[in-house]
Amino acid sequence: MANERARQLNGAGIRSGGDYILYWSQMNRRADANQALDFAVELANERRLPVLFYEGLTYGYPYSSDRFHTFILEGVPETEKRLKARGIGYTFYLRRGPSDANDVLYRLAARAAAVVTDDYPTFIAARHNAGVAPKLDVAFFAVDASCIVPMAHFQKREYAAYTIRPKIHKLLPRYLWPLPPVEVRRPFPRRANEFHTHVTGAGIGALVASCAIDHTVRPSASIPGGRLAAEARLADFVRHGLARYAGEHNEPSARATSGLSPYLHFGRISALEAALAARACGEFLEQLIVRRELAFNFARFTPRLDSLEALPDWARETMRRHRRDRRSPVYTGEQFEHAATHDQLWNAAQRELLSSGVIHGYYRMYWGKKIIEWSPDYEQALRTMIYLHERYALDGRDPNTYTNILWCFGLHDRPWPERPVFGTLRWMSLEGMRRKTDTEAYIAQWRSAP
DNA sequence: ATCGGCTCGCGCAA
DNA sequence: TGCGCGAAGCCGAT
């Protein structure tokens, strides 16, 4: 089957006599506007087979907590409802602790004719896919359902936004269209499924409490999970934020940003759907498509996203020259984590992260630049930023996360005048933030401890 | 309020 | 080989 978004990750063939095509949803956890699911449906239609959608959630991955579990579980009932309406089978398996089954994917794959999953460049899904491929004895396909312009269009790491932008704009007329509906020809038979964990909205609290995860990181105080919440957020943004986005996206108190990043990260909504709904605003498309797909491109061609090695030569050279510069003040990881610096704007940004699970994009740059300024060295600063994102951010562990963090160290940026600690890395100041944004309104909003 | 300079390197025009 | 220009910068001069 020819599809420019799909590639086979192993050498096995499609099994004749399989009961279904299995779609293993890792990153694009949605029933709608999902090219990976559609690929599975088309494969199934050709073979006169039904489709089974499998989505797992496990305990014990780094920083698994009530926050991430709640956000994911809140999406399960609606996914189930929409898949059922399309005639697609659904297995949601919640692995709560070591005594539960740990091989559900392989048991479901044993009866499948083929397995389809998401092609995704950050190390978690990428490592899953690489590890699973040789163990499956049926054809295993990875499909890029995350980017609007398929990642495969770019053969190398792009240097900056200005190098990828013209290429994306040239291709957009081909890709910025709603996906054609794909009809399921063979509905999945109704039968008991031994691995399915039934989830209702009212039961989520008890389910989360029963898992062996970090219960001290509380669910987001302001961002509900799920497809319905994602659609509501997009509709609200188009109605109330879009017209102001171009002028006020860097003014956090204006609330003119989309707030979609957690939903995009967990795949509850696709970038394509958001772009089509918000295409009237070019500045938003710049963020949603050019910036986001530059981040996917970076992740795809960078072996270690949690390292400073991938930075451009000028950035690494200027840090080498300034690594012994005196830092003052210097904070520990705990001081950063507990929002206990001398800077009330910085503390407010950290409290927004602790409480809601995101930081406004503009203040997040300031947040990151100051961690560089107030950490003992660059490597420690990087570790602090990654740790805080991976533990608390609902949009963490995304290609955007690592690209945004490394931007603070010069990635996709250019040199600026020399100064202590930063060398020629761009510097940001509290005065600049005060001049350009309403810092007092933001500090007041996030004043109290979460 | 607005503007140029700071500084590097990519990619295109020539 | 030369040249324009780049994710949100700052700073000093006007």
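Protein chains get the first letters and strands the later ones, always in sequence-line order, with residue 1 at the start of each.
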For the pair made of [atom1] in [X] and [atom2] in [N], what is the distance, rounded to whole Å?
X: A/Glu293; N: C/dA7; atom1: CD; atom2: P; value: 16 Å
X: A/Glu286; N: C/dA7; atom1: CD; atom2: C1'; value: 8 Å
X: A/Phe284; N: C/dA7; atom1: CZ; atom2: P; value: 18 Å
X: A/Tyr366; N: C/dC10; atom1: OH; atom2: C1'; value: 14 Å
X: A/Tyr159; N: C/dG4; atom1: OH; atom2: C1'; value: 15 Å
X: A/Tyr362; N: C/dA7; atom1: OH; atom2: C1'; value: 10 Å
X: A/Asp313; N: B/dC10; atom1: CG; atom2: P; value: 8 Å
X: A/Trp416; N: C/dG6; atom1: CH2; atom2: P; value: 10 Å

Is there a donor in the side chain of [X] and an acceptor in the side chain of [Y], or the other way round, less than 3.5 Å apart?
X: A/Glu248; Y: A/Asn250; value: no
X: A/Glu251; Y: A/Tyr362; value: no
X: A/Asn129; Y: A/Gln26; value: yes
X: A/Tyr331; Y: A/His342; value: yes

Checklist entry - Can we say A/Glu42 and A/Arg5 salt-bridge, meaning some charged N sits less than 4.0 Å from an Asp/Glu carboxylate O? => result no
Item to check | Salt-bridge contact A/Asp236-A/Arg233 (side-chain N to carboxylate O under 4.0 Å) | outcome: yes
What's [X] touching, base or sugar-phosphate or nothing? Going by heavy atoms closer than 4.0 Å.
X: A/Arg165; answer: sugar-phosphate
X: A/Gln287; answer: base
X: A/Lys370; answer: nothing

Next on the checklist: My understanding is that a pair needs two contacts under 3.5 Å, Watson-Crick or G-U wobble. By that rule, which nucleotide pairs with C/dC5?
Outcome noted: B/dG9
Quick check for you: among [options], whose closest atom lies nearest to any side-chain atom of [X]?
X: A/Tyr162; options: C/dC10, B/dC10, B/dC8; result: B/dC10
X: A/Trp314; options: B/dG11, C/dC10, B/dG9; result: B/dG9
X: A/Ala161; options: B/dC10, C/dA7, B/dC8; result: C/dA7

Please state whether the phosphate of [N], meaning OP1 or OP2, lies under 4.0 angstrom from any side-chain nitrogen or oxygen of [X].
X: A/Lys167; N: B/dC10; result: no
X: A/Arg435; N: C/dC10; result: yes
X: A/Thr424; N: B/dT7; result: no
X: A/Arg291; N: C/dA7; result: yes
X: A/Lys369; N: C/dC10; result: no

Which value, in whole Å, describes the distance between the [atom1] atoms of nucleotides [N] and [M]?
N: C/dA7; M: B/dT2; atom1: P; value: 23 Å
N: C/dT1; M: B/dT7; atom1: P; value: 24 Å
N: C/dC5; M: B/dG4; atom1: C1'; value: 15 Å

